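Comments concern the structure below.
In this text, all values refer to a predicted model and were calculated from it rather than measured experimentally. So that the names make sense, note that chain A is the first sequence line, chain B the second, and so on, each numbered from 1.
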Amino acid sequence: MDTAFMPKEGLDDLIRQLADSGYRVFGPTVRAGAVVFDRVDSAAQLPVGLASVQEPGRYRLEESGNRRFFDFVNGHESLKRFTFASQEKLWSFSADGTFQSGLSESPRTAVIGARACDIAGMKVQDRTFLKGKHSPHTDPYYADRRRNLFVVAVNCTVCVSTCFCASQNAGPMAEDGFDISLTELEDGFVVETGSAAGEAIAAKLDLIPPKGARERAEESIKACAQAQVRYIDNDGIYELLFNNLEHPRWDDVAERCLSCANCVMVCPTCFCHREVEVPSMDGTGSDHVRQWDACFTLEHGSTHGRHLRPEVRQRYRQWLTHKVGAWWEQFETSGCVGCGRCITWCPTGIDLTEEIAAIRDQPGEKAS
Amino acid sequence: MEKPKISVHKFSSCDGCQVQILSLEEELLQLADRVDIAFFAEATSRMNPGPYDVSFVEGSVSTPHEIERIQHVRDISKVVVSIGACGQSGGLQALRNWGDLTYYLNDFYTEPEHIDALPQSTAFHDHIDVDWEVPGCPPDQGQLKYVINSLLSGAKPNLPSEAVCLQCKRDGNVCVLVSQEQPCMGPITRTGCGALCPHQERDCYGCFGPQGGGNIDALGRRFNGAGLTPTDVVSRLRLIYSWAEPFREASRRWEQGAQGAPLPPQPHKHGGMRS
């Protein structure tokens, strides 16, 4: 399909067409003063007229002064929760020897409002969970949800202070990885398709030729990229960090780090998990359950009764050196897509772009 | 095969931990099929003296007699599982540890000579070796079931010591500290409750005690940033788990004043920003 234009009212039609095609439709909605993904059946449930103000450790929704749907930019949730379940039963086992897989065909799910950085994050996680150059195995639970996911991307024309996707080549425009993409303008949306499933849905919508809308959209996206203030200098970053494992900055950040793992939990690419055995009350079997885990917990770094990373300094260093450094060696990409969630949702406002820059500013310093 | 003998013993407490077991209801009946509930005063008048395979103990050690009782329970039990905040830390009643017992006795009781209390309310592990501790005020039924069933299966129960925040994020809760400046104790509080309060858009008040590796001073500084005074920070730490060492020591530090500049820092320019 060629690029097309959809008037504002078309958003309701898009939601309806997705639902009629058998998808559970999720979109951005407001809860507890922030935007989260929830089930939607009409565009009226979206955060129209709201913008998010984000700073390190701070998130607020405010009136945007216009009637646009997607100026909120993002909330703490990325696409991760739709593909890598936060907790799920992998299998169950009975004392009589029967083994039952927990795998079942996941419901077809459409998510409206994925940003370029979210899609980039999903593609990074694909390298962990899908068989390919970087993984010898496919995780069937992830693969199943991934296959049944319909992504409606929204290109960003607005960014917040914590955004730095442009520096990570992860946005603000989604190049691929979506079924349909939207760019919001005052009077409607520029629409593009990225898959056969997207084509099928788009064919049911009342779309019109874009005229100059496409150019206007591209201008807005470009302006959004240029408005971003934060960045990571990725040049030689692996060497920079691993040559500075005793840098005093790690002690400095450890004084501010709560070791609460919020950064990990909101990161679209963090994939660590643990598996626990939950025995049944009647003693006849157990469920094998997988949960999101994080390198900030003591248990995650424990083996044979010993903590490998007992200090907060070691745990923050583990996270950051992996995220933006060792990820390159392991997956040939940065583990950071510049969504800025770890900055906003860190309760004490630790900003990884600042931490990296501080080490780059005075490399080679050793802790006394 | 003979069923394992289980017992439940109450010390200084509100009995809420025992109620958590009792209100398992149908599941308690399933359990009763697998074990011999030999002693559980809240549930049955049948009181077999022991020895026991597994003894659950709840409440704090608050009187000289309770020291003798907990030592006796230890002597006649293969495995001792402490359940609840009181047993793990001295509990809410450990707030008296911060004051003077003689003052409380003389000012609040007409006949204080009938009271035989220790100066401090303390945890079981201060008096005996405890095999497993289930945190919480009250403990979570899911965790209780997990521990009971793991022990009966011969597996070591492994209760995570991580922060409440992990469960909040798994459940999709919005952080009330970041979005609303509520003084949420979640980042330094141990998980296990299922993030009950944040689910209701309320700040955590720390009823599962300190998490394993948290940075309490950093959260105190964050509370400063949200407008709380150092005295407020002390109050946040001194509630149900006030006598657990990390909260106890941190609250002593905060009595002396703030432990660093407020967090998060004011928005500022830095090397990771374009000029």
Given a strict heavy-atom distance threshold of 4.5 Å, which part of [X] is in contact with chain B: side chain, backbone, both, or neither?
| X | answer |
| --- | --- |
| A:I232 | neither |
| A:E55 | side chain |
| A:A85 | neither |
| A:D351 | side chain |
| A:R315 | side chain |
| A:E355 | neither |
| A:V36 | side chain |
| A:S286 | neither |

Within the supplied structure, the quantity of interest is the number of heavy atoms (other residues, nucleotides, ligands) at a distance under 6.0 Å from B:D129 CG; does it exceed 12? no
Against chain B, work out which of A:G349, A:A357, A:C260 has the most heavy-atom pairs shorter than 4.5 Å and name it. A:C260
Could you grab the distance from atom [atom1] of [X] to atom [atom2] of [Y], nearest 0.5 Å is fine?
| X | Y | atom1 | atom2 | value |
| --- | --- | --- | --- | --- |
| A:D282 | B:N149 | CG | CG | 8.5 Å |
| B:S179 | A:L61 | OG | CG | 8.5 Å |
| B:C175 | A:W345 | SG | CH2 | 6.5 Å |
| A:E277 | B:Y146 | CD | OH | 9.0 Å |

What I want to check is whether the side chains of A:Q87 and B:D171 have a donor and an acceptor closer together than 3.5 Å. yes
Hydrogens and angles aside, do A:H300 and B:E162 bring a side-chain donor and acceptor to less than 3.5 Å of each other? no
Could you check B:K169 against A:S86 for side-chain contact (heavy atoms from CB on, under 4.5 Å), going step by step and ending with a plain yes or no? CA-CA 8 Å; B:K169 289 293 184 290; A:S86 62; over 6 Å; no
Donor-acceptor under 3.5 Å ([X] side chain, [Y] main chain):
| X | Y | value |
| --- | --- | --- |
| B:S153 | A:P279 | no |
| B:Q211 | A:S259 | yes |
| A:E299 | B:S161 | yes |

Shortest non-hydrogen pair, B:G172 vs A:E77, comes out as CA-OE2, 3.8 Å
Would A:R60 and B:E181 pass as an ion pair if we require N to O under 4.0 Å? yes
Are the side chains of A:T348 and B:P264 in touch, meaning some heavy atoms are under 4.5 Å apart? no
Go through A:E354 and B:H268 one step at a time and tell me if the side-chain contact (heavy atoms from CB on, under 4.5 Å) criterion holds. CA-CA 10 Å; A:E354 182 175 12; B:H268 58 281; 2.9 Å; yes
At a 4.5 Å cut-off on heavy atoms, which part of B:E27 comes close to chain A: side chain, backbone, both, or neither? both
Going through the distances and angles, do B:H270 and A:R230 end up as a side-chain contact (heavy atoms from CB on, under 4.5 Å)? CA-CA 9 Å; B:H270 60 67; A:R230 284 181 163 78; 3.8 Å; yes
Under the criterion side-chain contact (heavy atoms from CB on, under 4.5 Å), I'd like the reasoning laid out for B:R274 against A:Y231: C-alpha separation, chi angles, the key distance, then a yes or no. CA-CA 7 Å; B:R274 296 180 204 287; A:Y231 73 105; 3.3 Å; yes
